[in-house]
Amino acid sequence: MTKNIQALRGMSDILPAQVGLWQKLETAIRELTSSYAYQEIRTPIVESTGLFQRSIGEETDIVAKEMYTFADRNQESITLRPEGTAAVVRAGQQHGLLYNQEQRLWYAGPMFRYERPQKGRYRQFHQFGVEFYGVASADADAEVLLMSAQLWKKLGLFEHVSLEVNSIGLAAEREAYKQALIDYLTPLAERLDEDSQRRLQTNVLRILDSKNEQTQALLADAPVLSDFLTEQSQAHFARVCQLLDYAGITYRVNPRLVRGLDYYNHTVFEWVTDQLGAQSAILGGGRYDTLVEQLGGRPTPAVGFAMGVERIVLLLEQHAFGQDTVQSADIYMIALGQNAEQVSFLLAQSLRDALPYARVLQHCGGGAMKKQMKRADRSQAQFAVILGDDEIAQEQVIVKSLRGQSDQVVLAQSALVSYLETHLHENNKG
Ligand code: ATP
Ligand code: MG
């Protein structure tokens, strides 16, 4: 026997029973981004490996151990995108969208990271993200933060999530702080967890968000980053906080929040939930004023965030929408005999033209009334539209209600559209 081929580990199929929830979330994202006047951008799923090395940073988890990197047939090193920002900057740069102008952009799509798969953590996952270019002041930070809060409100998740914010200042301020942290931790190095020992040499800031308890305990008396920020940087952060306060968004200032990518400065933030076990981060972002320049462009201030779609779908399953029903149609067309079949096709088309929100399912494969009715029931359609030779002769049609009281009416075929238009459930009207 041949062995069945399975999907790759950590890569999921999204089946028809689950896709309804995805589509609801996608609709909410479209409404949200449109109401904030952001425009969609779509970039390729693979990019030159160098793009991610130069932007995300060689010493980050993503670049050091999570990327899907291949040589193509021409021996070029290419990488399945592990996140969206680098490619948006690359595209903005390449097409002259960034220099000397404001851009409010959003993207959504699959990302790839070679991680240990578990609930809420996959090797192919999806992100929705926004990027706002061209404004350096704190109101831009506040705009993307308020937008993320608005999404939770739209989705009915606001009470299950909370916001953490921090400022990591400018590179020069961080350099001074890094040195202070190295000086503090070096004598304690032997008591740090293994990852943190390595990071002491390579990326000391990342030690701050180590999940290891002993490491966290050792950090209790460590110097804090905010003491190293200039007045100007502190003022930027204070204004972000003030705008959040004014908008009534509660948050916690987490002085250990640094985020896993190298390109951030000033404001960093993360929305977290306690409902998904270890995978608590549902959306992360911050300001990144040096990335465009770092990738070869002119200095361009920028701020943005990325949200993990699967984790939100899990939350929606648990809280807001519940399991979706597998209703596959609104109207089920039943035809008895070849003549009826022909007419049924035309009637179905007239329904689709007139009622574009209705899902009209045409029975195929013939069979007796009983068999076709059974299929109609299984589709969970609201109405069956039945045609046989008698109905054809009279230019009539039978409409049978399949939900609630199962009554049926006989109508002139010409009256079918207006009958269904009045009687289809409100919630099917798009
Ligand atoms: P984590 O700490 O959970 O690894 P991260 O800091 O690596 O998250 P980001 O790079 O900030 O995540 O990506 C933004 C969001 O994308 C995360 O908040 C999370 O919701 C989601 N995400 C990241 N990695 C994965 C993954 N492997 N599977 C599913 N969702 C993910
Ligand atoms: Mg990660």
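Atoms within a ligand are numbered from 1 in the order they appear, just like the ligands themselves. Index from 1, following the sequence.
- Side-chain atoms of N254 and N166 form no donor-acceptor pair, as typed in the model, at a separation below 3.5 Å.
- Less than 4.0 angstrom separates some heavy atom of L283 from each of these atoms of ligand 1: 18 (O).
- For R113 and Q124, the side-chain atoms include no donor-acceptor pair closer than 3.5 Å.
- In this structure, the protein non-hydrogen atom closest to atom 21 (C) of ligand 1 is G308 CA, 3.5 Å.
- Contact annotation: for D61 versus ligand 1, there are no heavy atoms closer than 4.0 Å.
- At a heavy-atom distance under 4.0 Å, only side-chain atoms of Q127, from C-beta outward, approach ligand 1.
- Using modelled atom types and a 3.5 Å distance limit, the side chains of Q318 and H160 yield no donor-acceptor pair.
- Using a 4.0 angstrom heavy-atom cutoff, R113 counts as in contact with ligand 1.
- The protein heavy atom nearest to atom 28 (N) of ligand 1 is Y122 N, 3.0 Å.
- The shortest contact between atom 29 (C) of ligand 1 and any protein heavy atom is with G120 O, 3.3 Å.
- If you check which protein heavy atom lies closest to atom 27 (N) of ligand 1, you get E115 OE2, 2.6 Å.
- Checked for salt-bridge contact, K374 and D377 miss the test: no charged N lies under 4.0 Å from a carboxylate O.
- Nearest non-hydrogen protein atom to atom 30 (N) of ligand 1 is F125 CD1, 3.4 Å.
- Judged by distance alone, the side chains of T69 and T79 do bring a donor and an acceptor atom under 3.5 Å apart.
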Next on the checklist: Go through it in stages, so that I can follow the logic: the residues are M307 and I312, the test is side chain to side chain contact (heavy atoms under 4.5 Å, CB included), and I'd like the CA-CA distance, side-chain angles, deciding distance and then a yes or no.
Outcome noted: CA-CA 8 Å; M307 179 197 91; I312 303 310; 3.7 Å; yes
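- Residue contacts with ligand 1 include R311, since one or more of its heavy atoms lies under 4.0 Å from the ligand.
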Next on the checklist: If you apply the rule side chain to side chain contact (heavy atoms under 4.5 Å, CB included), what do you find for L155 with L315, and how did you get there?
Outcome noted: CA-CA 10 Å; L155 295 172; L315 284 181; over 6 Å; no
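- Below 4.0 Å from some heavy atom of R259 lie the following atoms of ligand 1, by number and element: 6 (O), 11 (O).
- Atoms of ligand 1 found under 4.0 Å from any heavy atom of A281, numbered from 1 in the order shown, are 17 (C), 18 (O), 19 (C), 20 (O).
- Taking the six-membered ring where the residue is Trp, Y419 and H423 present parallel rings, their angle staying beneath 30° rather than reaching 60°.
- Between the side chains of D193 and S210, at least one donor N or O lies within less than 3.5 Å of an accepting N or O.
- Applying the 4.0 Å criterion to heavy atoms of A306 picks out, from ligand 1, the atoms 14 (C), 15 (C).
- Atom 4 (O) of ligand 1 has as its closest protein heavy atom R121 NH1, 2.9 Å.
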